[in-house]
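We use all heavy atoms of the structure for the numbers below, so side chains are in, but hydrogens, waters and symmetry mates are not. Chain naming here is simple, since letters A, B, ... match the order of the sequence lines and numbering starts at 1 in each.
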2 protein chains.
Amino acid sequence: MDTNQEKILEKAQERVIETLARNMDLYGITMSTGLLYGTLLFQDKSMTLDEMGEALGMSKTSMSTGVRTLMDLNMVEKIWKKGTRKDHYEVNLDWYQNFIDLFSVKWRHACEHNVHALKKSLQELRTLQQTEELTEEISERVDLSIKRIENGLEYYLWLSRLIDSFESHDIFQFVPKKENES
Amino acid sequence: MDTNQEKILEKAQERVIETLARNMDLYGITMSTGLLYGTLLFQDKSMTLDEMGEALGMSKTSMSTGVRTLMDLNMVEKIWKKGTRKDHYEVNLDWYQNFIDLFSVKWRHACEHNVHALKKSLQELRTLQQTEELTEEISERVDLSIKRIENGLEYYLWLSRLIDSFESHDIFQFVPKKENES
DNA sequence: AAGTACGTAAAGTTTTTTCTGAACGCTGAA
DNA sequence: TTCAGCGTTCAGAAAAAACTTTACGTACTT
């Protein structure tokens, strides 16, 4: 039964697609966009926006925004096809790199913002602590705040180094891509 | 000016609180819950739900759910105070551990789900491939799907090992907590 | 046992996000 | 130049999430 075989195949694909999509909120990706990614994943050809809309039963507009989200994370690439005016897209199959790009894009960004705010406030508080005569009560609160901020700063500097090790791929020295590899 | 000093202090705190909160969507944490975390961070005493609601100008119910979210991620702990019937909460100050717990709770969970789905579909497809007579067209699609799934599986097993290295704290051998530490 | 204080569940409201359909601008073809 | 096909912007509709109010169950107090 040809149809039966196809059903098995598609069911197997759909399970994967749906599961992956459901867990992609960790990447800040919405479920529908996750489904789009999954759909592209099992395509041996690149897809156009119309084909995606067809496959998911959604509007072309949604496909456009979804595909852009995925491109921002380097999970999908635009492909040049001569002879057609439509844009073609296909998945970037290097999941390791996807993971790394995610961290680069999102976590690095947050990390920098946080470090900046922490440093700025830390400096203000240190100045306050040194230049002004503080009541004991205020002084204690300032001290505590400084301690908390220094504590957080230390962590974010660590996180930054961790992200460095992802970006440089040094992490693979520590956690190799394949388990039993020399 | 006592009031002026307090203003400087509070502004410094608020900058940190707001920045941290804003970037906590990476942890799957809503901004208000992030603000709650930040508020607790600069408290040298534990807080009750009522105090939190007071501090943030929000309902006690919201504080209840917010604090639960933070507890699920081990970012906040419930403290026993004798003499009062109210629950008291305070932040867990070990940010490294917070980060690790986040990965344990969320990423590990997603990882396991995905591995499970990938393995199940992989097995189905391998069975299909071996036991049935397939048309060439179907056979190719099955082969491609298997390749994609194996590829993803390899990545998730790596991710799983990465998370292991967080949970076991081995990661700190590779990326030390403090930069210039022997 | 009755009353009070507390945390949380449930239902409803408001706000935010996601999705769609229409309209626009651009590019290549006739 | 005009027209058709494409991706995207924009405004509005639908769906989801966050927040609040009300109500409930439990545990301590009297």
Side-chain angles (χ1 to χ4, degrees), chain A residues 17-18 20-40 45-73 75-91 106, chain B residues 17-18 20-40 45-73 75-91 106:
Chain A
I17 292 172
E18 210 186 299
L20 293 181
R22 182 160 283 124
N23 293 120
M24 275 198 193
D25 54 329
L26 292 178
Y27 290 68
I29 288 177
T30 185
M31 173 118 189
S32 344
T33 304
L35 291 173
L36 174 57
Y37 174 81
T39 305
L40 283 162
K45 300 289 173 195
S46 57
M47 284 183 101
T48 66
L49 291 182
D50 289 304
E51 288 166 345
M52 297 174 202
E54 172 83 13
L56 294 178
M58 288 180 71
S59 71
K60 191 151 81 165
T61 307
S62 295
M63 298 304 99
S64 179
T65 61
V67 121
R68 169 150 52 175
T69 304
L70 294 171
M71 286 216 301
D72 288 346
L73 294 170
M75 295 173 74
V76 156
E77 285 167 6
K78 191 185 279 193
I79 298 296
W80 275 107
K81 285 262 189 196
K82 63 181 178 184
T84 176
R85 283 169 60 194
K86 300 194 182 193
D87 292 345
H88 288 248
Y89 300 90
E90 59 182 50
V91 288
K106 301 214 158 179
Chain B
I17 292 172
E18 208 187 300
L20 292 182
R22 182 159 284 124
N23 293 120
M24 275 199 193
D25 54 331
L26 291 179
Y27 289 68
I29 288 177
T30 185
M31 173 122 188
S32 347
T33 304
L35 291 172
L36 174 57
Y37 175 82
T39 306
L40 283 162
K45 301 287 174 196
S46 59
M47 286 182 99
T48 66
L49 292 181
D50 289 305
E51 287 166 346
M52 298 174 201
E54 173 82 13
L56 294 179
M58 289 179 71
S59 71
K60 190 152 79 164
T61 305
S62 293
M63 298 302 101
S64 178
T65 61
V67 121
R68 169 151 50 177
T69 303
L70 293 171
M71 286 217 302
D72 288 346
L73 294 170
M75 297 174 73
V76 156
E77 285 167 7
K78 193 185 278 193
I79 297 295
W80 276 107
K81 284 263 190 197
K82 62 179 179 185
T84 176
R85 284 169 58 193
K86 299 194 182 190
D87 293 345
H88 288 250
Y89 299 90
E90 60 183 48
V91 287
K106 299 213 161 184

What is the distance, rounded to the nearest whole Å, between atom [atom1] of [X] and atom [atom2] of [N]?
X: A/L49; N: D/dG5; atom1: CG; atom2: P; result: 16 Å
X: B/D25; N: D/dA16; atom1: CG; atom2: P; result: 21 Å
X: A/H88; N: D/dC6; atom1: NE2; atom2: C1'; result: 11 Å
X: A/E54; N: D/dC6; atom1: CD; atom2: C1'; result: 17 Å
X: B/I29; N: D/dC19; atom1: CD1; atom2: P; result: 13 Å
X: B/E51; N: C/dA5; atom1: CD; atom2: P; result: 17 Å
X: A/M63; N: C/dT20; atom1: CE; atom2: P; result: 7 Å
X: A/Y89; N: D/dC6; atom1: OH; atom2: P; result: 13 Å

Side chain of B/K86: nearest nucleotide among C/dG7, C/dT18, C/dT8? C/dG7
Nearest to the A/S32 side chain among C/dG7, D/dC28, C/dC19, which nucleotide is it? C/dC19
May I ask you to decide if A/L49's main-chain N or O and A/K86's side chain share a donor-acceptor pair within less than 3.5 Å? no
I'd like to know if the side chain of B/T39 reaches the main chain of B/L35, judged simply by a donor and an acceptor atom lying under 3.5 Å from each other, with no hydrogens or angles considered. yes
Check: B/M52 and B/K60 side chains under 4.5 Å, non-hydrogen atoms: no
Do A/M24 and A/M31 have side chains that approach each other closer than 4.5 Å (heavy atoms only, starting at C-beta)? no
Does one side chain, of B/T30 or B/T33, offer a donor that lies under 3.5 Å from an acceptor on the other? no
Does [N] have OP1 or OP2 under 4.0 Å away from a side-chain N or O of [X]?
X: B/K60; N: C/dG7; result: yes
X: A/T61; N: C/dC19; result: no
X: A/S62; N: C/dT20; result: yes

Give the minimum heavy-atom separation between A/M47 and A/E51, together with the two atoms involved. CA-OE1, 3.2 Å
For A/L73 and A/I29, the nearest pair of non-hydrogen atoms, with its separation, is CD1-CD1, 3.6 Å
Nearest-nucleotide check on DNA chain C, A/R85 vs A/M31; residue mapping nearer the 5' end is A/M31
Could you summarise the pairing of DNA chain D as dot-bracket text, marking Watson-Crick and G-U pairs under 3.5 Å with ( ) or [ ] inside the strand and | across strands? ||||||||||||||||||||||||||||||
Identify, between A/T84 and B/T30, the residue whose nearest nucleotide on DNA chain D lies closer to the 5' end. A/T84
